[in-house]
Amino acid sequence: QVQLVESGGGLVQAGESLRLSCAASGSVFSINVMGWYRQAPGKQRELVASITNTGFANYGDSVKGRFSISRDNAKKTVYLQMNSLKPEDTAAYYCAADPRVLDTLGVRVDYWGQGTQVTVSS
């Protein structure tokens with residue numbers, strides 16, 4: 001089993017930045033990829049960004065150029081740096097981890113964090 005604990009959400013104004021953190025514990029040796037999903041009320045969950053053990057990063061089209069994902073393997077922590085935030089980035093953000101891949105809608109993800117709210121005011 002793998003446990004994921006997120007931190008760093010909050011309320012910011014448009015154009016500002018936030019950094020989310022996700023600390024993993026447990027059987028982390030089994031994990032190949034970690035990342036972040038988000039879900040806004042009434043909308044489908046979407047993959048925001050992911051990063052593999054070898055450092056390969058992938059981003060959703062809506063956040064490319066604004067968000068950056070990184071990982072510290074020694075600390076077993078993944079970070080999501082969110083810059084130039086927009087009101088449409090408002091959502092609950094969930095850390096995720098999987099031994100294989102993170103699919104676009106998070107249907108087959110093995111491990112989830114509890115979620116952290118990000119609210120961007122205009």
Side-chain angles (χ1 to χ4, degrees):
Q1 286 292 323
V2 174
Q3 293 78 44
L4 303 173
V5 178
E6 302 117 330
S7 60
L11 171 64
V12 297
Q13 292 187 334
E16 295 184 340
S17 300
L18 273 177
R19 188 176 82 156
L20 305 183
S21 300
C22 174
S25 61
S27 303
V28 295
F29 58 86
S30 67
I31 297 303
N32 172 58
V33 61
M34 294 182 68
W36 296 88
Y37 290 84
R38 68 185 182 186
Q39 188 165 22
K43 292 189 176 180
Q44 207 169 36
R45 182 169 54 201
E46 63 173 338
L47 178 62
V48 176
S50 64
I51 186 166
T52 67
N53 279 343
T54 57
F56 179 80
N58 185 49
Y59 297 92
D61 288 341
S62 62
V63 305
K64 284 180 180 176
R66 299 188 298 122
F67 290 13
S68 177
I69 191 169
S70 60
R71 65 190 293 163
D72 184 330
N73 288 331
K75 295 183 179 179
K76 304 174 185 177
T77 299
V78 170
Y79 304 96
L80 183 68
Q81 178 67 42
M82 305 184 293
N83 298 327
S84 302
L85 282 162
K86 303 176 181 180
E88 49 263 45
D89 294 318
T90 296
Y93 284 70
Y94 297 90
C95 181
D98 197 272
R100 299 166 297 276
V101 296
L102 295 184
D103 61 290
T104 303
L105 298 179
V107 174
R108 296 183 296 273
V109 173
D110 277 4
Y111 304 108
W112 291 97
Q114 80 282 2
T116 186
Q117 180 67 33
V118 172
T119 302
V120 184
S121 63
S122 57

Q. Which atom pair, heavy atoms only, marks the closest approach of Met34 to Ala24?
A. CE-CB, 4.1 Å
Q.
My understanding is that only residues two or more places apart in sequence, or in another chain, count here; which of them pass side chain to side chain contact (heavy atoms under 4.5 Å, CB included) with Asn53?
A. Asn32, Arg71
Q | Expected output: side-chain Glu6 to main-chain Gln114 donor-acceptor under 3.5 Å | A | yes
Q: First locate atom OG of Ser121, then atom CD of Glu16, and finally report the distance between them rounded to the nearest 0.5 Å.
A: 7.5 Å
Q: Taking the side chain as every heavy atom from C-beta outward, state whether Asp89 and Arg66 have any atom pair closer than 4.5 Å.
A: yes
Q) Rounded to the nearest 0.5 Å, what separation is found between the CZ atom of Phe67 and the OG atom of Ser62? A) 7.5 Å
Q: Just jot down the salt bridge (Lys or Arg N to Asp or Glu O under 4.0 Å) partners of Asp110, sequence neighbours excluded, or say none.
A: Arg100
**Q.** From Tyr111 atom OH to Leu102 atom CG, the distance as rounded to the nearest 0.5 Å
**A.** 12.5 Å
Q: Report yes or no: does Ser50 contribute a side-chain atom to a donor-acceptor pair with the main-chain N or O of Gly35 at less than 3.5 Å?
A: no
(Q) Testing the basics here: between Val2 and Ser30, what is the closest heavy-atom pair and its distance to 0.1 Å? (A) CG2-OG, 4.2 Å
Q. So do Leu105 and Gln44 actually touch side chain to side chain, heavy atoms under 4.5 Å?
A. yes
**Q.** Nearest heavy-atom neighbours spanning Ile31 and Val33
**A.** CG2-O, 3.4 Å
Q) Do the side chains of Ser17 and Gln81 get nearer than 4.5 Å, heavy atoms only? A) yes
Q: First locate atom OG of Ser122, then atom CD of Gln13, and finally report the distance between them rounded to the nearest 0.5 Å.
A: 9.0 Å
Q: Determine the interplanar angle of the Trp112 and Tyr37 rings, folded into 0 to 90°, and report it as parallel if under 30°, tilted if 30 to 60°, perpendicular if over 60°.
A: tilted
Q: Starting at CD1 of Ile69, measure out to CZ of Phe56 and round the result to the nearest 0.5 Å.
A: 11.5 Å
Q) By salt bridge (Lys or Arg N to Asp or Glu O under 4.0 Å), which residues pair with Glu46, not counting sequence neighbours? A) Arg38
(Q) Within this structure, what is the CH2-OH distance for the pair Trp36 and Tyr79, rounded to the nearest 0.5 Å? (A) 10.5 Å
Q. Where is the tightest heavy-atom contact between Ala96 and Val109, given as atom of each residue plus distance?
A. CB-CG1, 3.7 Å
(Q) Just so I know, are the side chains of Leu47 and Asp103 near enough to count as touching, which here means a heavy-atom distance under 4.5 Å? (A) no
**Q.** Val12 side chain reached by Met82 side chain, heavy atoms, under 4.5 Å
**A.** no
Q) Would you say Tyr93 and Val63 are hydrophobically clustered, going by side-chain heavy atoms of ILVMFWY under 4.5 Å? A) yes
(Q) Side chains of Thr90 and Gln117, heavy atoms from C-beta outward: is any pair under 4.5 Å? (A) yes
Q) Looking only at heavy atoms, which two atoms of Leu4 and Ala97 are closest? And how far apart? A) CD1-N, 3.8 Å
Q: Work out which heavy atom in Ser70 is nearest to a heavy atom in Ile51; give both atom names and the distance.
A: CA-CD1, 4.0 Å
